[in-house]
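Bear in mind that the values here come from a model prediction, so they are computed numbers and not experimental data.
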Amino acid sequence: MPLPRTRRKPRPSSAPNALWGGRFSSGPAAVMEAINASIGVDRRLYAQDIRASLAHCSMLVAKGIVSQSDGAAIARGLKRIEGEFAAGKIRIDPALEDIHMHVEARLKDLIGAPAGRLHTARSRNDQVATDFRLWVRDAIDRLDRGLAAWQSVLLVQAERHAATAMPGFTHLQPAQPITFGHHLLAYVEMAERDRGRLNDARKRVDECPLGAGALAGTSFPIDRAMTARALGFARPMGNSLDAVSARDFALEYLAALAIAASHLSRLAEELVIWSSPAFGLVRLSDAWTSGSSIMPQKRNPDAAELVRAKSGRIAGAFQGLLTVMKGLPLAYGKDMQEDKEPVFDATDTIELCLAAMTGMVADLEADTARMAAAAGGGYSTATDLADWMVQRLKMPFRDAHHRAGQLVAAAERKGVGLAELTLSDMQSVEPRITRDVFRVLAVKDAIASRMSLGGTAPKRVRAEIARWKRRLKTRARS
């Protein structure tokens, strides 16, 4: 029989918290301090917190709520604190809970009593919501640049391989021959949609909660439009309850990251497959591979595998925050303190994955001979044979598809490719076939014929590359 566990009450601190302890006769228990403190995570918001505090202070002075002399002292102190944080000179104290209390406590050390006026007409609820929106907005702008860099290296490789034949796959089976450049352009398109999703999310991030107070607004004659403008927001948020409790902007941001990560993961998976000796279509450089501790011949695509794995971590961040938020009543609950860690981690992770994938694509070497040889495998021009019969013999496509399938079976029995069948072999299945059919069975000709919009013909691929280069250049300027 197990011994009963002895329960010990956590020892309370001897003094209440200096910033919110007026209601309490003693301080929090040690365990309460540990679970309640967020400074280990939200210290990353110091620049945004100081930026928002400077805007708030300026507005309080402009509205006559705080004197000019006190406002000037507060502004000087905040700017000094920002430098101290940047230099790593601020001592982190878990008892001060979060970044806001650290800034306020340090400000009081520097300027004394005027520091206490800064928190007039705001709450930590609208303060953290503002800081968090500023941080996410900054992260979106960084990620947009990272996605643009990935697009740029994809375009460089696509241009280099605009006419390089490779097998196109469906179900990971040879389907139709395409060009390597065309394949890489698919990821340029995906990255563009990722940028679009992030920029759409940015529009909904771009509202300012500052001045909403704890949940109900404030009786002070503040100017919320002024602080919104000072912080570069498009507008103040229209409802004080929503302003402090909304985290859908963070969820939308994480959803966009999860989708972008899935795109990185798909290319990572292809690099793992293509670089294996069984395929041998590409070679990753030494910078992005590793060896084995026991097998000297190994060349492991570790960077690609890690990008593939980390997409799950980012998707998990989205699911985790969605689970936190799904049942919360309005307005603020301490549950929402769990909002920043998944956002910070997912952002760090996707920035690392983007940098790694950009480096891998830039260094990528294609084995063009191996690609060309594989492009014709698996009877990949069978669709071209069916199309020829539709166009030249005026056959319904389903009939042509059936005849082409019969010819593939005949080639399999002889152990040759479609182009190696004789004309009499062809005519034994469809008597109207002429020697002209052999013009469409070569991989090069099959690829060149795909001139439809979005097709794989080298001429079409080069036109798309030129269009994308112009588009990225224009966006970079704007």
Side-chain angles (χ1 to χ4, degrees), residues 17-20 33-61 66 70-143 145 205 208-211 227-228 230-233 244 250 253 334 336-349 351-352:
N17 185 294
L19 294 180
W20 55 261
E33 280 191 359
I35 196 171
N36 195 48
S38 62
I39 186 59
V41 173
D42 65 24
R43 63 192 297 174
R44 293 178 62 160
L45 294 174
Y46 78 86
Q48 289 78 18
D49 192 68
I50 289 169
R51 197 191 319 170
S53 291
L54 285 168
H56 185 66
C57 175
S58 181
M59 181 275 296
L60 292 176
V61 171
V66 169
D70 283 350
I74 290 168
R76 284 195 304 272
L78 288 172
K79 290 173 184 176
R80 177 173 170 179
I81 294 167
E82 183 173 22
E84 290 175 344
F85 264 108
K89 294 180 179 179
I90 295 290
R91 186 179 68 84
I92 298 302
D93 181 0
L96 292 176
E97 292 188 14
D98 56 32
I99 189 62
H100 323 298
M101 285 189 168
H102 276 76
V103 171
E104 188 170 338
R106 179 58 180 150
L107 186 64
K108 186 175 181 181
D109 289 343
L110 291 174
I111 68 171
R117 301 191 183 279
L118 177 60
H119 208 55
T120 306
R122 74 174 184 185
S123 161
R124 280 193 295 174
N125 294 354
D126 61 333
Q127 191 177 356
V128 69
T130 303
D131 295 355
F132 198 19
R133 282 177 180 265
L134 287 169
W135 194 94
V136 169
R137 196 176 66 182
D138 292 343
I140 287 173
D141 294 342
R142 289 197 312 274
L143 285 168
R145 293 190 292 272
V205 172
C208 186
L210 196 58
T227 49
L231 293 170
F233 284 107
V244 300
Y253 170 68
K334 196 71 170 187
M336 293 162 65
Q337 184 167 285
E338 295 299 306
D339 58 358
K340 287 169 284 298
E341 191 164 11
V343 168
F344 293 164
D345 184 72
T347 302
D348 292 345
T349 301
E351 286 183 325
L352 182 61

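- Remark: L107 CG to R76 CZ distance equals 11.0 Å, nearest 0.5 Å.
- Counted within 6.0 Å of NZ on K334, heavy atoms from surrounding residues, nucleotides or ligands total more than 12; the atom is thus considered enclosed.
- At distances below 3.5 Å, at least one donor-acceptor pair connects side-chain atoms of D42 with backbone N or O atoms of I99.
- Between G211 and D126, the shortest heavy-atom distance links the atoms N-OD2, 2.8 Å.
- Between the SG atom in C208 and the CG atom in L134 there is a gap of 7.0 Å [rounded to 0.5 Å].
- The pair R51-D138 meets the salt-bridge criterion, with a side-chain N (NZ, NE, NH1 or NH2) lying under 4.0 Å from an Asp/Glu carboxylate O.
- No donor-acceptor pair under 3.5 Å is formed between the side chain of H56 and the backbone N or O of H119.
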**Q.** Stepwise side chain to side chain contact (heavy atoms under 4.5 Å, CB included) check, E97 with Q337
**A.** CA-CA 11 Å; E97 292 188 14; Q337 184 167 285; 5.8 Å; no
**Q.** Residue pair T227, F233: steps toward the side chain to side chain contact (heavy atoms under 4.5 Å, CB included) verdict
**A.** CA-CA 9 Å; T227 49; F233 284 107; over 6 Å; no
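- The CZ atom of R106 sits 14.5 Å away from the CD atom of E82 when rounded to the nearest 0.5 Å.
- In this structure, CZ in R133 is found 12.0 Å from CG in D131, a value given to the nearest 0.5 Å.
- A 4.5 Å side-chain heavy-atom check between Y253 and L143 finds at least one atom pair inside the cut-off.
- Residues L45 and K340 meet the side-chain proximity criterion, which asks for heavy atoms closer than 4.5 Å.
- Ring planes of F344 and F132: perpendicular class, angle over 60° (limits at 30 and 60°).
- For D93 and H102, the side-chain atoms include no donor-acceptor pair closer than 3.5 Å.
- Heavy atoms of other residues, nucleotides or ligands lying less than 6.0 angstrom from CD of E341 number 12 at most.
- Residues D348 and R44 are paired through a salt bridge, judged by an N-O separation under 4.0 Å between the basic side chain and the carboxylate.
- For the atom pair CG (L210) and CE (M59), the distance works out to 6.5 Å, reported to the nearest 0.5 Å.
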(Q) I'd like to know whether L118 forms a side chain to side chain contact (heavy atoms under 4.5 Å, CB included) with L78, so could you lay out the CA-CA distance, the side-chain angles of the two residues, the decisive distance to 0.1 Å, and finally the verdict. (A) CA-CA 10 Å; L118 177 60; L78 288 172; 4.2 Å; yes
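- Here the closest heavy-atom approach between residue P114 and residue I74 is recorded as O-CD1, 3.5 Å.
- Heavy-atom minimum distance, I39 versus P94: CG2-CA, 4.2 Å.
- Counting non-hydrogen atoms of neighbouring residues, nucleotides and ligands closer than 6.0 angstrom, the CD1 atom of I92 exceeds 12 such neighbours.
- Nearest heavy-atom pair across G71 and V61 is CA-CG2, 3.7 Å.
- Heavy-atom minimum distance, L96 versus A105: CD1-CB, 3.9 Å.
- Proximity of a side-chain donor or acceptor of S58 to a complementary backbone N or O of L54 within less than 3.5 Å is not detected.
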Q: For the pair L60 and R117, evaluate side chain to side chain contact (heavy atoms under 4.5 Å, CB included) and give the outcome as yes or no after the intermediate values.
A: CA-CA 9 Å; L60 292 176; R117 301 191 183 279; over 6 Å; no
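- Scanning both residues, R137 and G232, for their nearest heavy atoms gives NH1-O, 3.0 Å.
- Residues I81 and I50 have side chains in contact (heavy-atom distance under 4.5 Å, counting atoms from C-beta outward).
- Side-chain contact between V244 and S123 is absent, with no heavy atoms from C-beta onward closer than 4.5 Å.
- Taking a cutoff of 4.0 Å between a charged side-chain nitrogen and a carboxylate oxygen, E104 and K108 do not qualify as a salt bridge.
- V128 has its side chain within reach of H100: a pair of non-hydrogen atoms, C-beta onward, lies under 4.5 Å apart.
- Side-chain contact between T347 and R142: present, with at least one pair of heavy atoms (C-beta onward) separated by less than 4.5 Å.
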